[in-house]
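Chain A is the first sequence line, chain B the second, and so forth, proteins listed ahead of strands; every chain is numbered from 1. The figures that follow rest on heavy atoms only: side chains count, while hydrogens, waters and symmetry mates do not.
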Amino acid sequence: MKKTISFLLCFVLVAVLTLPSFAFSSTKKPATSSKQVTLKIMFEENELGATNADFAKVYPNIKLQFMKADPNKLMTMLAAGNGPDIIRCFGATELPSFVAKGLATDLTSYIKKSSNSALRNTKDFLPVMDLFRFDGKVQGKGPLYGIAKDWSPDFTILYNKKLLAEAGIAAPSDTVPMTWNQLFDNAKKLVKKDGTKTTQWGLGVYCSDSAHTEFTQNMMMMMLKQKGKSLYSADNSKSNFNTPEIKSIMNLWADAVKANIGPNSLNTSGEWVGQSFCDGKLPYLLIGYFWTGALRGDKGASTHLDDFGLAPAPVFEGGTRYNPTQTATGAFLYSKGKHKDEAFKTLEYFFAGPGVDARAKTGWGLPVFKSKMGLIPQTTNFDKQTYKVVSQEAKYSSPPLAFNYYLSSGGVNAIINKDFTPVYFDKSTVDEAAKAMTKDVNDLIQDGLDMILGW
Amino acid sequence: MDELKAVLETERPIIQKRSKSLINRKTLEFYMFISPWFIVFLVLGLIPLLYGLYISFTNFTGYNLDHLRNIGFHNYIRAFKDDDTWYSLSRQFIITVIGVPIGTAMGLMLAVLLNQKVKGLALFRTIIYLPSIVPIAASGLLWRTMFASTNGIFNTILQDLGLPTLQWLGYDFATMSLLIFLMWGAGGGLIIYLAALKAVPAELYEAAEIDGAKPFSQLRLITIPIISPVIFFNVVLGVISSLQIYIQPIILSTSGGTGMLGTPIRPNYLYSVHAFQQIFSFNRFGYGLSLIWIMFLIIMVMTLVIFSSSKYWVYYENEGRN
């Protein structure tokens, strides 16, 4: 009797452990609009402006499962053939790569029959929406594969007027950009130390998802474009870090790091530069317009917004003004999603419907529709000054940063961190780093070519 | 007697049949009892391992499952030709060779100290064991903040003492900082060591005291030999885990923000970090998995070496000196 009970208990235990796996079958037939459909969205609900509750009132048959955007999780889900129906991506750096891998859906037919006039009227799109176009070779051309949520010219400079005045440095002009040399020279004057400890940095930078005032991929692409050059060959099959233009940029940043104008690998800081700026401890912060939203929302900074201002992106002497977005966060429909009609309705609602107005009013980024630009905050003096500068900077946001769709942006960042960081510690030279990065990036391009062209 | 023999002859097949039935039943019960573990091991352990081995012979990049190609030993050959592989392997060995002995010695010393009769013993044991249950990501961020050159607590203390500050996460001290972070969790083996110390017969210490043996001699000649099987167990586990460390160097790296795609500074660019980056930064799943399988073989070899060395230093009471 005891043994029979033991046997039954074991059987129940095994059943409990294994049966739930059969519940996650994804072989459902595409549902009609009247049937309940559950969509997986790789986006956080609080990013979208409108709420899931409001969406449910309009589309009660569509249930949304939000999940945090994570590249590793996305790769795992795609590898398992269980990709999200709507996938968050950066138009600037990621969209062409997803299209080249066959993961994104062409939205042309969906937009044509869309009930949303803002989407059908493509003339109302700002040029940033073109980041979600790709014809297989050139980003910015071809069909639309996704919709941008918002964007920002990402190389503007936020500044603290009080800290500049204390150092006897004039506030930047709203219309004439500083040169890179002026910015770095001012930043050096603004650094304060107590013995060997830095009590005030001169310049904080947020670029390529790094809060170090260092040479990064996106900064390099932007500065190279200002010099009229590109890292990659015309067909994206080769990179070359050994050109005089790139080396001059690398030398500029190596000197800036060694001069410790901002937190870097030589001198790390436990504080996030964005918060340091909100706390009034940083004179310059090179970051997108979107950070004005953080200032408005910060308990301390919001009480004295007139102490802050926004300046145009720096430029080289004799160089071209250029202030692109590093991201243009948006989303696309997974090409193998099973509920594309419902997924497009969801995309429409959050990216071209009520979500757009709500987000624009927070000032956490610019809308992608010309007709919505007026919703950007323009109440306080700070709002008016930043709106004036960013409207002007938006004209210099095209063309997009010239990323290579055979590469993942994370891969290039990893190579730069590996091969260029030793330069800061005098363990390598700019020339050696340039050779190493050229080799490593070209190896990565070759892998990308094999993957995409060798289907 | 003949009658007895006749009965046995008649009954033998029945007895044999009943014995076989009993054995079969016991066998079935055995497999039924281990089936939950075995099924989980099969589904979540062995099958993914073997699938990873299969992928290591392909060109898998995370997105091309529908267009997978067998590329033979290409990934393994690439691993042997890759300078970063050799460099990162050397750094991983350095961490292991330095970290495991120090960690083992620290764990043992802490256990010996906590085996005394002092007030507040339970509190001390809890405090010392606590670091090993704090999530690695949280503790890594904490240590990174403490090691920060500016506003980090260590440099703040050094500056207040009038001493020069250090670049804790720079080239010269990055490995030392990583080892400090790893040693913070040395109390993890405490429970096992304490159990082993409790099992040492008290009469041996009494006899040694009578003979005039000092505490250190008692430790060296009684405690360590008797608990040597536990030390051996911890050394083996320590080597296996040390050869697979990758989260700690990545979290300590100052590039990549708080994500897992940061590149550690060169001295902390360990083999497992190299494998992790191949998969998650460069999407070279096949290559990364081949690196992991090479490490599996290295771990097996090192474990066998340690096992074969155990006959010289591990004392099993029941079997005498091995």
Side-chain angles (χ1 to χ4, degrees), chain A residues 3 6-7 10-11 13-14 17-18 21 70-72 75-76 78-81 98 101-103 194-199 201 209-212 214 216 263-272 407-408 410-411 413-418 421-422 424-425 427 443-444 447-448 450-452 454-455, chain B residues 25 28-29 31-36 39-40 43 59-67 69 84 144-153 155-156 158-159 162 164-165 167-172 253-266 269 277 279-285 287:
Chain A
K3 285 172 185 170
S6 304
F7 175 84
C10 284
F11 179 77
L13 189 58
V14 168
L17 285 171
T18 54
S21 63
D70 177 80
N72 300 327
M75 268 194 278
T76 309
L78 293 176
F98 283 121
K101 291 175 179 109
L103 299 170
D194 175 15
T196 54
K197 184 178 167 182
T198 304
T199 53
W201 300 105
D209 202 29
S210 165
H212 276 177
E214 285 180 353
T216 59
N264 53 56
S265 298
L266 279 179
N267 256 305
T268 55
S269 172
E271 291 182 8
W272 149 234
L407 300 169
S408 65
N413 284 335
I415 286 170
I416 290 176
N417 288 334
K418 179 170 81 76
T421 302
Y424 305 140
F425 293 92
K427 302 291 183 185
D443 284 346
L444 207 54
D447 289 343
D450 288 344
M451 180 185 66
I452 290 171
W455 284 126
Chain B
R25 201 170 167 182
L28 181 65
E29 281 168 12
Y31 283 111
M32 286 310 302
F33 273 109
I34 70 163
S35 62
I39 289 171
V40 170
V43 171
N59 65 336
F60 185 54
T61 56
Y63 301 106
N64 60 342
L65 208 58
D66 295 339
H67 307 272
R69 270 189 302 122
D84 282 339
R144 191 169 87 184
T145 308
M146 291 196 291
F147 283 133
S149 301
T150 299
N151 303 326
I153 191 167
N155 274 350
T156 303
L158 286 172
Q159 183 145 356
T165 54
Q167 282 178 353
W168 292 94
L169 299 175
Y171 256 73
D172 295 331
S253 79
T254 54
S255 65
T258 54
M260 287 298 291
L261 296 183
T263 307
I265 199 164
R266 196 71 179 156
Y269 190 72
Q277 290 230 315
I279 295 173
F280 293 106
S281 289
F282 304 132
N283 295 356
R284 292 170 177 150
F285 280 73
Y287 180 44

How many angstroms lie between CD1 in A:Ile415 and OG in B:Ser281, if you round to the nearest 0.5 Å? 9.0 Å
Output all residues satisfying side-chain contact (heavy atoms from CB on, under 4.5 Å) with A:Thr199, sequence neighbours left out; order by chain, then residue number. A:Lys192, A:Asp194
Ranking A:Gly410, A:Ala414, A:Pro263, A:Gly448 by heavy-atom pairs under 4.5 Å to chain B gives rank one to A:Ala414
Can you tell me which portion of A:Leu103 sits under 4.5 Å from chain B's heavy atoms? Options are side chain, backbone, both or neither. side chain
Relative to chain B, which segment of A:Lys427 carries a heavy atom at a distance below 4.5 Å: side chain, backbone, both, or neither? side chain
Report the distance from atom CG of A:Asp450 to atom CZ of B:Arg69, rounding to the nearest 0.5 Å. 6.5 Å
NZ on A:Lys418 to CG on B:Asp84, rounded to 0.5 Å: 3.5 Å
Sub-3.5 Å donor-acceptor pair from the side chain of A:Thr268 to the main-chain atoms of B:Ser149, do we have one? yes
Considering only heavy atoms, which portion of A:Asp447 lies under 4.5 Å from any heavy atom of chain B: side chain, backbone, both, or neither? side chain
Toward chain A, the part of B:Phe60 with a non-hydrogen atom under 4.5 Å: side chain
Side chain, backbone, both or neither of A:Trp272 within contact of chain B (heavy atoms, under 4.5 Å): neither
Greatest number of heavy atom pairs closer than 4.5 Å to chain B - which of A:Asn267, A:Leu266, A:Asn413, A:Leu407: A:Leu266
Please report the shortest heavy-atom distance between B:Phe282 and A:Gly411, naming the atom on each side. CE2-O, 3.1 Å
Residues in salt bridge (Lys or Arg N to Asp or Glu O under 4.0 Å) with A:Asp443, at least two apart? A:Lys439
Less than 4.5 Å apart, side chain to side chain, heavy atoms only: is that true for B:Thr150 and A:Glu271? no
Contacting moiety of B:Asn151, where chain A heavy atoms sit under 4.5 Å: both
Would a 4.5 Å heavy-atom cut-off, applied to side chains only, mark B:Arg266 and A:Phe425 as touching? no
Return the CE to CZ distance between A:Met75 and B:Phe280, rounded to the nearest 0.5 Å. 6.5 Å
